[in-house]
Amino acid sequence: MKSKSIIDHSKKKKKKFNPLAPIQSKKLEPKVINFHGNGINTEYDDDDYENYTYNLSKKQLKEEAEKLLIQRKSLPVYQNKDEILKYISENTVVVLIGETGSGKSTQIPQFLMDLPFSENNNRNAVSKPKIAVTQPRRVAAINLATRVSKEYGCRVGEEVGYSVRFDNKSSNNKTRLKYLTDGMLLRELMLDSKLSHYNYIIIDEAHERTILTDLLLGFLKQLITCERKNNLKIIVMSATLQAEKFSDFFNKAPILFVQGRTYPVEKYYIANSNNNSRDNHSDVVESMIRSIVQINNGEPLGGDILCFLPGQEEIDKACNLLNKISPLIHKYSKTPQIVALPLYAALPPNKQTQVFLPLSEKKQFKRKVILATNIAETSVTIPGIKYVIDSGLRKVKVWRHQLGLSTLLTVPISKASCSQRAGRAGRESAGKCFRLFNEQDYGKLPIQNEPEIIRCDITNPILMLKKIGVKDVVNWTWLENPGKSSIIYGLQELYELGGLNENGEITKKGSEMALLPLSPHLSNVILEACVSHCLDSVLDIVACLSVENLMLNPAVERRDEINEKRLSLCHRGSQYGDLIMMKELYDMYNSLKTSAEKDQWCQELCISSRGFKNVLKIREQLKGYMRKIGYKLDGEEEKQQQNLSDTKRILKCFLHGYIKNTAIGMPDRSYRTTATGETISIHPSSLLFLNKNCPAILYTEYVFTTKGYARNVSRIELSWLQDVALVARKSK
DNA sequence: GAGCACTGC
C-alpha cells in the first residue's frame, strides 16, 4: 500500500491528478499531528524559541531532536524516504507533489543534508551538500527554519537557518540548509549568477506561480543546461495539480506524489436555479448571510465558520449586518450567537489578531464567524475552523500595459483555489465546505489561477533578466511567456528611464536600478534625487511609498474626522498632496520620543504603526544600498526647514520617474492624462481629493475601478513638466 | 464626491 502513494507520472497519473477528487481518502486515521505541511503556525514566537535554545547545550538540543524524530517518522514523506531519495539521485530535476500535511517542506531538505555529495570533477572530494529552499512568504521561511532546526538539533542560524528581508539568520560557512524567500534567492542570483554555493535548490509552493518563482524556475532551467550541468539538482514542490506543466518545462522530469494528512471535507453546492446565476455578484453578501444563519442553525455547536468574500467592502457590509441581526436570531431561535469578525490586509493589526483569540466567555452559546478575503487562503491559518463558506470570488489587479493603468476586477476563483479554501475546514478534524454556486458552475472554473506574470507589469522582472545578463528577453526560457507586447512595453519603459541603451543593453544606471529593492520608476526617482541633492527627503517619501497599507482606511464613522486631522497637520501636504504629506508625517513621527507616543499618534491618524516601523527599516536599507552603489549621502546636516524650493525639487525628482503619470487640469476642473488624454479623477483617499485647482498633477498609480483614478497625487506646475521633459530628452 | 485582493526585495 505504502509504495503506491508515490508514483512515477508515466504510470497512472490520471487517477492521481483528478482535480475533482475529494480532499482526502477514507483511509485516514484521525491522529493529530502537531504541524501540517508548512502552514503558517501562529503559535510560534521565534524570539522565544531562540532564547530558549540559547540556554540549551548541544546534548540537550540533540535530545529534543530525538523526541521529535518519532513524530517525524509518522509523516507520509518520511515513510517514502528511500524511494524519494532514489528519484532525486537519479534525476537532475524532480517534481514533487506533496499534499498538505505530507511533511515535504520540513523533511525532504533534511534527508538531503545527510547525503554525501560528490563534486562533478572530483570524485574524491565528497562534501556535505548545501541546500536552499525557497518560499513565497517571509513568515513561512522563518517558521520552517525554526521548526527544522529544532528537529535537526541545532540553533536557528547554525546548520539550519533562514534569510529574508531585514532578517538573516544564517552563516556562510556553517549553514547547510537555508530557507529563504524567493526574492532573496533572486538577489543572490544577481550577485552570483551560478548560485555556486548550492548543491540542491528546492522551489516550494511552485504552484502559486508568483512572478518571482516563475523567474527562478526560468533561471534554473538555464543553469542546469549550461553552467551547472552536472552538479546542481532541483526539486520543484507543489501542493496541487500543475505537476505536468513543471515536468514538461524540465524535459519530462519525473513526478512524485505523496499523499497528505488532512481530514475529509464534505462539499455542498447550491441547488440549480434558472436565474440565480453567479454573474450577479451584487447579492453575494446576502446569500453569504443566509448561508451563515442556516449553517449556524443546522450544525452542532463547536467549530467556527470561515467565509471567503472578495473584498473589504463586502466584508464590512456583511459584518455589520450580522452583528445587528445575531442577537435577535439568538433570542428567538435558540441557536448559537454569531460573533462576526472581519479579516483583510488593510485592517488595523489589533483587529486582525481578534480572529485568533478564543471567544472570551468559555462554553458560551456562541460561534465565531470570520469573514475574510484571500488572505485566509494561504497567508493566515486560523485555528478552530470546521466550516467554510466560499463565495467563489476574489479580487485581482490586472495591469493593462496598452493603457498604462491597472484595473481591479472581481473574478471567479480557480478549482485549485476552491480546494485550498475548502481545505481550511479540514485542518483539525473533519469539516464541511459550502459553495455559493452550483456544481455546473464549478465545472466551468479554470483549473488554476492565471499566473501573475501574465497579468502584471513586468518592467522590473525584465530589468532583473538584463542584470543577470540575458540578452534576448523575448526568447528567454520563460515558464510562461508574458507575451511579446508586454515584454516590449517593459523594454521601452526601461529605455525611457535610462536603464537600457538604444541597443537594449543595460546601462550603468540600469545596473544600479536593479540593485535597489524598488520599482524601476522609484529607483530612478532616488537616483535623480542624488543629483539634485535632496536624497534625504526623497528617501523618506520613497520608504513610505514602499509600505503597503501604511495609511489605513478609517471606519466610516471616523472618516471625516481623520481626514480633517490629516489635512490640518500637514500644511504643505494639504497644498502639494500625498507625497509631501508623507514627508511631513515622517518628520512628525520621528520627532515623537517614546514608542507609546508614536503608537498613539498613529492611532489618532489611522496610520499603521507597524507599517511606520517598516518605513524606518526600508529607509535604512535604501541608504545602505546607495552607499554600496557609491553615492555619497548628503548627511543629516542638510535637514533644514522645508521651503517652496525644496518642495519643487522633491516633486521634480518624482517627475523623473513618473513623467508619464501626469495629467493637466482642464477649465471644467477635470484632469486629462498627458499620455493619452483620458479623463482621470483624484482618488478619494488622496489629500487633494477636495482640491480642484491644480494646474497639473503627478501620481504614482493609475487605477481603473468605476472610472480612472489617480492615487498618491501631487500638485505640480506646468513649467516643471516642461523642464523635466526637456532634460529627459537631452540626456538621450 | 467615492472607496484596493495578496505577496516580495
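As a basis for the values below, the full set of heavy atoms in this structure was taken, side chains included, without hydrogen atoms, waters or symmetry mates.
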Item to check | A:Asp560: side chain to side chain contact (heavy atoms under 4.5 Å, CB included) partners, not counting sequence neighbours | outcome: none
Grab the [atom1]-[atom2] distance between [X] and [N] for me, whole Å please.
{"X": "A:Ile211", "N": "B:dT7", "atom1": "CD1", "atom2": "P", "value": "15 Å"}
{"X": "A:Gln312", "N": "B:dA5", "atom1": "CD", "atom2": "P", "value": "5 Å"}
{"X": "A:Ile458", "N": "B:dC9", "atom1": "CD1", "atom2": "P", "value": "21 Å"}
{"X": "A:Asp316", "N": "B:dA2", "atom1": "CG", "atom2": "P", "value": "19 Å"}

Checklist entry - Is it true that the side chains of A:Ser686 and A:Asp578 contain a donor and an acceptor less than 3.5 Å apart? => result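 Their side chains do contain a donor-acceptor pair, which is all the 3.5 Å distance test asks for.
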Next on the checklist: Between A:Glu377 and A:Ser417, do the side chains contain a donor N or O and an acceptor N or O under 3.5 Å apart?
Outcome noted: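 A:Glu377 and A:Ser417 do have a side-chain donor-acceptor pair below 3.5 Å.
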What contact category does [X] fall into here, base, sugar-phosphate, or nothing, at under 4.0 angstrom with non-hydrogen atoms?
{"X": "A:Arg394", "result": "nothing"}
{"X": "A:Glu701", "result": "base"}
{"X": "A:Ser681", "result": "nothing"}
{"X": "A:Thr706", "result": "sugar-phosphate"}
{"X": "A:Thr210", "result": "nothing"}
{"X": "A:Tyr709", "result": "sugar-phosphate"}

Checklist entry - Could A:Lys178 and A:Tyr162 be counted as a cation-pi pair, given that NZ or CZ must be under 6.0 Å from the ring centre and within 45° of the axis? => result no
